[in-house]
Structures are given as C-alpha cells and as structure tokens.
Amino acid sequence: MAASSDTLRDKIRSRKARTGIVGLGYVGLPLAIELGKAGFHATGIDLDPRKVQLINDGRSYIPDVPTADVQALRSKTLLEATTDFAVVRDLDTINICVPTPLRKTKDPDMSYIVSAVEGIAKHLHPGMLIILESTTYPGTTEEVVKPMLEATGLKAGVDFFLAFSPERVDPGNPTFQTHNVPKVVGGHTPACSSLAAELYGAAIETIVPVSSTRVAEMVKLLENTFRAVNIGLVNELALMCDRMNIDVWEVVEAARTKPFGFMAFYPGPGLGGHCIPIDPYYLSWKAKQTGFDPRFIELAGHINAGMPHYVVEKVSDALNTRRKPINGSSILIAGVAYKRDIDDMRESPALDVMGLLLARGARVSYADPYVPVVHGREWSGGFDITAVDMTRGNIAQHDAVVIITDHKAFDYAALIDEADVIVDTRNAIKGSHPNVFKLGAPRGAVEGQKAVIA
Ligand SMILES: NC(=O)c1ccc[n+]([C@@H]2O[C@H](COP(=O)([O-])OP(=O)(O)OC[C@H]3O[C@@H](n4cnc5c(N)ncnc54)[C@H](O)[C@@H]3O)[C@@H](O)[C@H]2O)c1
C-alpha cells in the first residue's frame, strides 16, 4: 500500500518526525542545529568519527555554529551524531549534505552522494522523505538517487518521498544564515515538494517551491555560475586596468553607485571555496552531454584560473622595483583561507600562488589566524607549513608580503609601516602608498623604481 503523505505531514507538524542529516559539514551541521531549534530530534550521520565525537561532546567545529547551540540541543536530547547508517531505520526524514567535488579531469565526483545513498538505501522504509542538498548537475536526483533508492523495491512518490533543495549557506556571513536564507524546494511529485516545504518551513523563514527536482538543481547552478562569470568579467577588467594604468577598484566603487542595472563584483587572486570554482563545471559537464557548448562557463573558468599567475607576475614586478628576483626572496603570504574571516581553504588561490612562487625559487611562508597549518597534501610544495605571526617587528624580515585574504584581524597599519613591498590582491589597503602594489591598479612599480634610483 502506498505511503500516505498526511502521516508524515502530521509528524512534521507535531515535531514528532525524527530528522536525519547525512554529512555534518559547513552545510549539514547548521541545518541540523536549525532542525533541532525548531523542535525536531536531529540525528547527524557522518563518516568522520572526530566530528561525531565532538557533536556528542557538545562541541562545534564550524565557526558559524556556536558551541552553545550544540550544547543547548544536546542537553535537551534533540541532537546526536553517529557514524552508523543503521539509525536510518528510526528516521522519518533525511537531508543529504555530502561533498560534491570535481575529479582531476573536471568531471563531477559523485562518489560521496553514491556512498551516502547506498547507506540510506539499506535501511529505507516506507513513508520516509529523502532530500538531496549537495550541489550537483541537473538530473542527479532523478537519474542517480532515485534509481538507487528504488532498487529496494520501494517507489519514489508512492512509497517514499524524494526532493532536491539547494543549500545557499554563505560561511562567515553574519546577516544571512541557514534560517533566513530563502530555501528553494523541488520535489519528484507535488506531494514530495509539499512535504519537503513543510519540513523546511518549520525551521527556515521563506520557502520557494519550484516545479521539479531538475529546476531546483539548475537554480543553484545558475546562482553560482552567475557569480563565476561576473567575477571572470571583473577579473578581466582588472587585467585591462593594469595595462591602462586605471584603478579597477575605483572603477567598481563608482559604478556601484548606479541604483539599478549594476551589481558590484570584485577582482581577486582567483576563485576559492567549495562552490564557485567547482559548480559551473557540473553544469558544463552536463551541458556537453547534450551536445551543448557552454562558452561563458569555459571562458570565465579560463580567466579566473589565470589569476594566480597574474598575482605572481605582480610580485615579480614589485620585487623588480627593489632590484630583487623572486628566486631567493622571502615572501610572506597574508591569508590562505579562500575568503575573509573564515577558516576554509578549499580551492584557495593562496595555495596556487604559494606553489607558483616556490617553483620560482622563493622562500614561502604564510600568516593566517584561522589556519594554523597547511599540509603537504594541500599544495604543490608537498610539505607541511605552519603559520607565522604577522606582527610588528617580524614583517620586515620578508622581502615581500602578498595579501591574498583580507582578514580583519591583520594589522594593515603595521604592514604599511614595515613591509618593503606589499602586493595587495584584495584592495585591503586603502589609498596609495609607495610600497603597495595593487592588483588591477596603476603600477606602483613606476614610483618604487623612482624611489630606488633616487
Ligand atoms: N560550504 C558551503 O559554503 C556550501 C554552500 C552551498 C552548498 N554547498 C554544497 O553542500 C554540499 C556539502 O558541502 P559542505 O561544505 O558542507 O562539505 P563538508 O566537507 O564541510 O561536509 C561534508 C561532510 O560529509 C561527510 N561525508 C562525506 N561522505 C559521507 C558519507 N558517505 N556519509 C556520511 N557522511 C559523509 C564528511 O565527513 C563531511 O563532514 C556540497 O555539495 C557543497 O557543494 C556548500
């Protein structure tokens, strides 16, 4: 007999539904907390025993999630974590929040989704709601997840409910967090959509239903491709400005005063993070399968991937004004996280810049209050480096400082006072200073050279 959506709806409304979250990372843990705060019992399933232990000890490891929130839910017995998928037997809903990286060939790596769905399928039971949240190509829910779950003999939309809902979390954003970012939801059937909307509606302020899982999957890829393409455009503009001796930062600041029809994007040392450098390739991979050539994505990818090389060129120009080569120079990278005030360095352009400088003979070190160590496996150098302090007194030991991440905690005044050469890829230092060489801005090199000659 088909499962009734009313039974699960009632359980959700009465908060008796037992919710599960597979993957307790940057996306899954905040969601588990919101579900717990909404009054559900939330069980996190993660293969990483360290994370599971920390949650069960009442501790957070995600900067946006206060430990007090984990403790509060633990004390009300509303939150627990396990590595064992057998718990799925007792759950009514599951949100899948596992990684979706790229293979070296830039093809989607579906292995985490496949392994999570395998774990769920073993214990799938009638009446459950399964929602995929991992960012992925349009068609994944219907073409990968559904057949694996239906291999159990249960049918999607009849015996269990299936939906896709993209995650839009912006780590480090104090204004927009899981509970107040509108949630797009697309179900396999209208009943699937409506149940997923019911669940999220209990914890998240605004729900945006769409007609299918494919539309919901495509929404996320549009959002992230939009960012990748616009960042590519402004990065190209920065390269042009460099040649034309125009300050790209001043251009963007003035352009953004237009109250309509313009949205500011900023240039930088290259894309970073789990989303923007990766997600557009999920879309282009799928588009190519249909014989479509996704030109914007490829072009933006090309420009953005070239930015670390441009940064190294800028370092070379800057050191040149001091009659120094990169080879043998001591270069301090300020910030290795992929963006300001967070600890995440996945796909960070800092890793590329460090590798390129090392390959040219530089002695590379880094400072980052959020990242104590860069492991050998994370960059082409292949050896572990620990963070150094970038405080007054030790800045001048380096021939150049390269600002890759504009953490608020850095003492920029000390940098200006003490560094011989600063390459600023984020416009972290305002105004013009003879020792500051900005990405996409008039060449300080000319001034610097004059200073040396004088
Ligand atoms: N981090 C972001 O800002 C962000 C924003 C929007 C969307 N997303 C998307 O959300 C998804 C998750 O990203 P994240 O940043 O939370 O990743 P993450 O690496 O922080 O967390 C993923 C977690 O899943 C666990 N895991 C991996 N395989 C598993 C399995 N088979 N079973 C159980 N647990 C497993 C890992 O141990 C890890 O704790 C990705 O698809 C990502 O693209 C991320």
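Counting convention: from 1, in listed order, for ligands and their atoms alike.
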Quiz item: Which ligand 1 atoms, with their elements, are less than 4.0 angstrom from a heavy-atom of Cys97?
Solution: 12 (C), 22 (C)
Quiz item: Looking only at heavy atoms, is any part of Pro166 under 4.0 Å from ligand 1, and if so is it the side chain, the backbone, or both, or is it neither?
Solution: neither
Exercise. Determine, for Asp6 against Lys11, whether the closest basic-nitrogen to carboxylate-oxygen distance falls under 4.0 angstrom.
Key: no
Quiz item: Would you call Asp10-Lys16 a salt bridge at under 4.0 Å N-O?
Solution: no
Exercise. If you have a sec, work out which protein heavy atom is nearest atom 11 (C) of ligand 1 and how many Å separate them, to one decimal?
Key: Val98 O, 3.4 Å
Quiz item: Mind checking whether Tyr338 has an N or O less than 3.5 Å away from an N or O of ligand 1?
Solution: no
Exercise. Take atom CZ of Phe262 as the centre, draw a 6.0 Å sphere, and report whether it contains more than 12 heavy atoms from other residues, nucleotides or ligands.
Key: yes
Practice problem: Please tell me if the side chains of Ile21 and Ile45 come closer than 4.5 Å, counting only heavy atoms from C-beta onward. | Solution: no
Quiz item: CG/Asn95 to CG/Leu132 distance, rounded to the nearest 0.5 angstrom?
Solution: 9.5 Å
Self-check item: Whether Phe265 and Phe226 hold their rings parallel, tilted or perpendicular, with breakpoints at 30° and 60°
Solution: perpendicular
Quiz item: For ligand 1, which atoms have a heavy atom of Val22 less than 4.0 angstrom away?
Solution: 32 (N), 33 (C)
Quiz item: Relative to the heavy atoms of Pro171, which atoms of ligand 1 are at a distance of less than 4.0 Å?
Solution: 3 (O)
Quiz prompt | Tyr266 and Glu253: CA distance, side-chain angles, deciding distance, side-chain hydrogen bond (donor to acceptor under 3.5 Å, both in side chains) verdict | solution = CA-CA 9 Å; Tyr266 296 93; Glu253 276 319 293; 3.0 Å; yes
Quiz prompt | Any Cys275 heavy atom less than 4.0 Å to ligand 1 | solution = yes
Quiz item: Nearest heavy atom to atom 5 (C) of ligand 1: which of Val114, Val169, Leu47, Asn173 does it belong to?
Solution: Val169
Quiz item: Are the side chains of Tyr338 and Leu271 in touch, meaning some heavy atoms are under 4.5 Å apart?
Solution: no
Quiz item: In the protein, which heavy atom is nearest to atom 21 (O) of ligand 1, and how far is it?
Solution: Gly25 CA, 3.2 Å
Quiz prompt | ligand 1 to Asp344 polar contact by distance, N or O atoms, under 3.5 Å | solution = no
Quiz item: Is Lys408 salt-bridged to Asp341, cutoff N-O under 4.0 Å?
Solution: yes
Practice problem: Identify the protein heavy atom lying closest to atom 24 (O) of ligand 1, giving its residue, its atom name and the separation to 0.1 Å. | Solution: Gly23 CA, 3.3 Å
Exercise. Please identify which atoms of ligand 1 are closer than 4.0 Å to at least one heavy atom of Lys220.
Key: 6 (C), 7 (C)
Quiz item: Where does Val27 meet ligand 1, judged by heavy-atom distances below 4.0 Å: at the side chain, the backbone, both, or neither?
Solution: both
Quiz item: Say you draw a straight line from CE of Met128 to CZ of Phe160; how long is it, rounded to the nearest 0.5 Å?
Solution: 10.0 Å
Self-check item: Distance from atom 28 (N) of ligand 1 to nearest protein heavy atom, with residue and atom
Solution: Tyr112 CD2, 3.5 Å
Quiz item: Which atoms of ligand 1 are found less than 4.0 Å from any heavy atom of Glu167?
Solution: 6 (C), 7 (C)
Quiz item: Side chain of Asn235, backbone of Gly270: donor and acceptor closer than 3.5 Å?
Solution: no
Quiz item: Looking only at heavy atoms, is any part of Ile45 under 4.0 Å from ligand 1, and if so is it the side chain, the backbone, or both, or is it neither?
Solution: backbone
Quiz item: For Ser115 and ligand 1, does the shortest N/O to N/O distance drop below 3.5 Å?
Solution: yes
Quiz item: Can you tell me which residue and heavy atom of the protein come closest to atom 9 (C) of ligand 1, and the distance to 0.1 Å?
Solution: Thr135 OG1, 3.5 Å
Exercise. Would you mind checking which non-hydrogen protein atom is closest to atom 41 (O) of ligand 1, with the distance to 0.1 Å?
Key: Thr100 OG1, 2.6 Å
Self-check item: Proximity of Phe85 to ligand 1 by residue part, where a heavy atom lies under 4.0 Å
Solution: side chain
Quiz item: Do other residues, nucleotides or ligands put more than 12 heavy atoms under 6.0 Å from the CD atom of Glu250?
Solution: no
Self-check item: Closest protein heavy atom (residue, atom, distance) for atom 22 (C) of ligand 1
Solution: Pro99 CD, 3.6 Å
Quiz item: Between Glu118, Arg346, Lys51, which one has a non-hydrogen atom sitting closest to atom 17 (O) of ligand 1?
Solution: Arg346
Quiz prompt | Note: Asp242-Lys314 ion pair, threshold 4.0 Å (strictly below) | solution = yes
Practice problem: Using distance alone, determine whether Glu133 and ligand 1 share an N or O pair under 3.5 Å. | Solution: no
Self-check item: Verdict with reasoning, Tyr366 to Thr405, per side chain to side chain contact (heavy atoms under 4.5 Å, CB included)
Solution: CA-CA 11 Å; Tyr366 83 93; Thr405 318; over 6 Å; no
Quiz item: Below 4.0 angstrom, N of the basic side chain to O of the carboxylate: do Lys183 and Glu133 qualify?
Solution: yes
Quiz item: Tell me: protein heavy atom nearest atom 23 (C) of ligand 1, and distance?
Solution: Asp46 OD2, 3.6 Å
Quiz prompt | Part of Ser134 with heavy atoms under 4.0 Å of ligand 1, whether side chain, backbone, both or neither | solution = both
